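Everything on this sheet refers to the single structure shown next.
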Amino acid sequence: MSTPVNFSSPSHIVARQLIGATFTIDGVGGIIVETEAYDQREPASHTFVGKTKRNAAMFGSPGRAYVYRSYGIHWCLNFVCEAEGYGAGVLIRAIEPIVGLDVMRERRGVDRIHLLCSGPGKLGQALGVKHEFNGMSLTETPFHLTPALKPVDVSCGPRIGISKAVELPWRFGMEGSPFLSRPFR
DNA sequence: GCGACGATTGGCT
DNA sequence: GCCAATCGTCGCC
């Protein structure tokens, strides 16, 4: 057996640990290949401004989901980290599609496997992420999370699409994976 | 009550 | 590479 993911760790530790883990929603998903860490103390995080109605789940207990709407269009999925009341989490940015490929193709409206989960919004659509999942425990239905069975090589670099705290190298990815939202360099 | 602004994506130049 | 789509959240009047 592999070590379970410890969501009580700082988000950048969890983000690295999640690379190679298998995650599904209602049996649809695959291997996590890209994540980003966010922390209450840095300005790029939704929790930087303190607890609000939107980010409340991220101040909840570790090991739960934080789901938010991005640009009024996409549903994005985070795993809450650290501790109750802290305000840290990991954004799931890309997954290598493994199970439920046909369902994902139908939801996404595209055929090519590389376009199914190669970004936080795409992944949300492919896995059927809904706002109702906000605050739900990752150990409960419909979620299923299995830690990486063996160690994987992990790349890291600056986070994508943010304007603040761009210097933090808190984006992590499976080295050489063709399923990333963008390559590392 | 109102306006500015995204942890994005996809289509077009 | 650039830019529009699209709408809930948040801060401020």
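Within every chain, numbering begins at 1; the chains are lettered A, B, ... in the order of the sequence lines, protein sequences first and strands thereafter. What you are looking at is a predicted structure, and each value in this text was computed from that prediction instead of being measured.
The residue A:Arg108 sits close only to the backbone: its heavy atoms come under 4.0 Å of sugar-phosphate atoms, none of a base. A:Arg93 comes within contact range of the sugar-phosphate backbone alone, with a heavy-atom separation under 4.0 Å but no base atom that close. When heavy atoms are screened at a 4.0 angstrom cut-off, A:Ile73 is found touching base atoms of the nucleic acid.
Checking side-chain atoms of A:Asn78 against main-chain N and O of A:Gly89 turns up no donor-acceptor pair under 3.5 Å.
Residue A:Trp75 contributes atom CH2, which lies 8 Å from atom C1' of C:dG8 at whole-angstrom precision. Atom NE2 of A:His12 is separated from atom P of B:dA7 by 21 Å (rounded to the nearest Å). Between A:Gln125 atom CD and C:dA5 atom P there is a gap of 19 Å when expressed in whole angstrom units. We find that CZ of A:Phe48 is positioned 17 Å from C1' of B:dC5, with the value rounded to whole Å. One can place NE2 of A:His74 at 14 Å from P of C:dG8, the figure rounded to the nearest angstrom. Atom OH of A:Tyr71 is separated from atom P of C:dC3 by 15 Å (rounded to the nearest Å). Rounded to an integer number of Å, the gap from A:Tyr66 OH to C:dG8 P is 15 Å. Rounded to a whole Å, the CZ atom of A:Phe172 is 19 Å from the P atom of B:dA7.
Of the candidates A:Arg108, A:His74, A:Arg107, A:Arg108 is the only one forming a side chain to side chain donor-acceptor pair (under 3.5 Å) with A:Gln125.
OP1 or OP2 of B:dA7 lies within a sub-4.0 Å distance of a side-chain N or O belonging to A:His46.
In this structure, the ring of A:Phe79 has its center no less than 6.0 angstrom from the ring center of A:Phe143.
Heavy atoms from other residues, nucleotides or ligands lying under 6.0 Å from CZ of A:Arg182 number 12 at most.
Between A:His114 and A:Phe179, the ring planes lie parallel to each other; the angle is under 30°, not in the 30° to 60° tilted range.
Distances were taken from every side-chain heavy atom of A:Tyr68 (C-beta onward) to each of B:dA7, C:dG11, B:dT9; the shortest belongs to B:dA7. When distances are taken from the side chain of A:Lys122 to each of C:dT6, B:dT9, C:dG11, the shortest belongs to B:dT9. Proximity note for A:Arg54 (side chain, C-beta onward) versus B:dA7, C:dG11, C:dT9: the nearest is C:dT9. Checked against C:dC7, B:dT9, B:dA7, the side chain of A:Pro120 finds its nearest nucleotide in B:dT9. Nearest to the side chain of A:Ser70, among B:dA7, C:dG8, B:dT8, sits B:dT8.
Nucleotide B:dT9 forms a pair with C:dA4, judged by Watson-Crick or G-U wobble geometry with both contacts under 3.5 Å.
Atom P of B:dC2 sits at a distance of 22 Å from the matching atom of C:dT6, rounded to the whole Å.
Both A:Ser118 and A:Lys164 lie near DNA chain B, and the one whose nearest nucleotide falls closer to the 5' end is A:Lys164.
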